[in-house]
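Okay, structure first, notes after.
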Amino acid sequence: MSISGPFSKAYSDLPETMPVFPLSGALLLPRGHLPLNVFEPRYINMVTDALGRDRMIGMIQPKPIKRIEHVLDYENPPVFKTGCAGRITAFSETDDGHFLITLTGVCRFDVVEELPENDGGYRTVRGDFGAWKDDLAFPDLDTPINRDRLRSALESYFTLHSLRSCWDTLADGDDEMLITTISMGCQLSPLEKQALLECTTLYDRGDMLTTLLEMAAHANPKNAHNNAN
């Protein structure tokens, strides 16, 4: 079922504390839509509790762990400083008890501290939205993104991954939705997705996204071979 209802995107409405869902490779951006299949018991508890409160969940990536690093708790690895709070805007339950939800991005946050473990077994943090409060307003682009360059990079990316181009569909959206959809949907590394998340402006994110797609194409041996011919 879809969950409707008004939500005032005022800074004062943002929660002081919130549950977080650490998930490597998952990127949520303001006004983006992230579908999630929730099946682990502690995250089932997290979604249930969030639905009973403000429907807010923070998406954040765990930091990559190197083999030589000593981590005390592999079930709860260290996370990056910055994540994005999302609101549950769609929810359904499968026959086997899984939750299918959609999070709509609201505002990025910086982790101030992680709180003690709760009865549900999921992680909660105290977040600071101050540095990212401009996320609550639609971005005002003084400099438009270079769509021609982005399209060329994306077409190369689609070819690299044997995907059918969907540029014509994506291009119908405004610059923010175009950049957000591609950033969230492409198979970039966790570090690359974190870098996109932390971009200060939409123009910076669009420029970085285009560069990452170009680098992915040029790094592919098949592409390099074709260019040589």
Side-chain angles (χ1 to χ4, degrees), residues 9 14 18-40 43 46-47 50 55-65 77-90 99-111 122-123 125 127-129 131-136 138-139 141 145 150 153-154 157-158 160-161 163 166-167 169-170 173-217:
K9 297 181 181 180
L14 298 174
M18 73 190 115
V20 290
F21 194 170
L23 187 59
S24 182
L27 175 62
L28 178 64
L29 294 170
R31 285 169 290 280
H33 303 287
L34 180 65
L36 293 168
N37 178 11
V38 183
F39 55 86
E40 192 174 339
Y43 296 123
M46 177 189 69
V47 171
R55 307 177 194 165
M56 297 285 284
I57 292 174
M59 290 301 302
I60 197 163
Q61 290 197 103
K63 293 181 178 178
I65 300 175
V79 295
F80 283 102
K81 177 185 177 182
T82 303
C84 184
R87 181 172 181 262
I88 300 172
T89 51
F99 288 170
L100 304 178
I101 68 172
T102 297
L103 284 182
T104 299
V106 175
C107 186
R108 288 171 287 177
F109 65 91
D110 293 326
V111 176
Y122 55 85
R123 301 168 71 175
V125 302
D128 180 7
F129 294 91
W132 309 104
K133 60 184 178 181
D134 288 344
D135 288 348
L136 297 173
F138 287 95
L141 268 181
I145 64 171
L150 176 58
L154 191 62
Y157 174 88
F158 284 141
L160 175 64
H161 292 276
L163 299 173
C166 57
W167 174 263
T169 301
L170 293 172
D174 58 27
D175 281 353
E176 182 188 29
M177 191 50 60
L178 177 66
I179 295 300
T180 296
T181 301
I182 298 173
S183 296
M184 290 176 57
C186 285
Q187 298 175 17
L188 301 171
S189 74
L191 287 176
E192 290 170 335
K193 290 207 169 186
Q194 188 66 27
L196 289 170
L197 173 70
E198 296 180 17
C199 284
T200 304
T201 69
L202 182 63
Y203 178 82
D204 291 341
R205 182 174 296 128
D207 186 63
M208 178 180 288
L209 173 63
T210 304
T211 300
L212 291 174
L213 294 174
E214 291 171 341
M215 290 172 58

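These figures come from a predicted structure and were not determined experimentally.
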d(Leu178 CG, Leu154 CG) to nearest 0.5 Å is 8.0 Å

In this structure, CD of Glu192 is separated from OG of Ser183 (nearest 0.5 Å) by 11.0 Å

One should read off an interatomic distance between Leu103 CG and Arg55 CZ, to the nearest 0.5 angstrom, of 12.5 Å

Do Val38 and Met46 have side chains that get closer than 4.5 Å, going by heavy atoms?
no

May I ask you to test the Leu196-Ile179 pair for a side-chain heavy-atom distance under 4.5 Å?
no

The side-chain contact (heavy atoms from CB on, under 4.5 Å) partner of Tyr157 among Leu212, Ile182, Leu213 is Leu213

Please answer whether the main-chain N or O of Asp135 pairs with a side-chain N or O of Arg31 as donor and acceptor at a distance below 3.5 Å. yes

**Request:** Start with the C-alpha distance between Met18 and Ile57, add both sets of side-chain angles, then the distance that settles side-chain contact (heavy atoms from CB on, under 4.5 Å), and finish with yes or no.
**Result:** CA-CA 6 Å; Met18 73 190 115; Ile57 292 174; over 6 Å; no

**Report entry** Side-chain donor or acceptor of Lys81 paired with backbone N/O of Asp110 under 3.5 Å
**Finding:** no

Scanning both residues in full, the closest heavy-atom pair of Ala153 with Thr210 reads CB-O, 3.9 Å

Discussion item. Using modelled atom types and a 3.5 Å cut-off, is there a donor and acceptor pairing between side-chain atoms of Lys193 and backbone atoms of Cys186?
Written reply: yes

- Say whether, by atom type as modelled, one donor and one acceptor occur between the side chain of Gln187 and the main chain of Gly25 under 3.5 angstrom. no

Between the main-chain N or O of Cys199 and the side-chain N or O of Asp204, is there a donor-acceptor pair closer than 3.5 Å?
-> no

- Query: Heavy-atom count around Tyr203 OH within 6.0 Å, excluding the residue itself: above 12?
  - Reply: no

Between Ala85 and Phe129 the two heavy atoms that sit nearest each other are CB-CE2, 3.8 Å

Closest non-hydrogen contact found for Gly105 with Leu28 is N-CD1, 3.6 Å

Between Tyr43 and the options Tyr122, Phe99, Phe21, the ring-ring contact (aromatic ring centres under 6.0 Å, His included) test singles out Phe21

Does any N or O in the side chain of Arg87 come within less than 3.5 Å of the main-chain N or O of Thr104, such that one atom is a donor and the other an acceptor?
-> no

Here the gap from Phe39 atom CZ to Leu100 atom CG, rounded to the nearest 0.5 Å, amounts to 11.5 Å

Heavy-atom side-chain proximity of Val106 to Leu136 below 4.5 angstrom: yes

Discussion item. Within the structure provided, determine whether Phe109 and Leu14 are in side-chain contact (heavy-atom separation under 4.5 Å).
Written reply: no

Arg108 side chain to Thr82 main-chain N or O, any donor-acceptor pair under 3.5 Å? no

In short, Val79 meets Pro22 closest at the heavy-atom pair CG1-CB, 4.1 Å

Smallest heavy-atom separation, Cys84 atom then Leu197 atom, equals CB-CD1, 4.2 Å

Which of Val20, Leu36, Leu27 passes side-chain contact (heavy atoms from CB on, under 4.5 Å) with Met59? Answer is Leu36

side-chain contact (heavy atoms from CB on, under 4.5 Å) for Leu34 and Thr102? Distances and angles first, verdict last. CA-CA 5 Å; Leu34 180 65; Thr102 297; over 6 Å; no

What one should report as the nearest heavy-atom pair of Leu29 and Met184 is N-SD, 3.8 Å

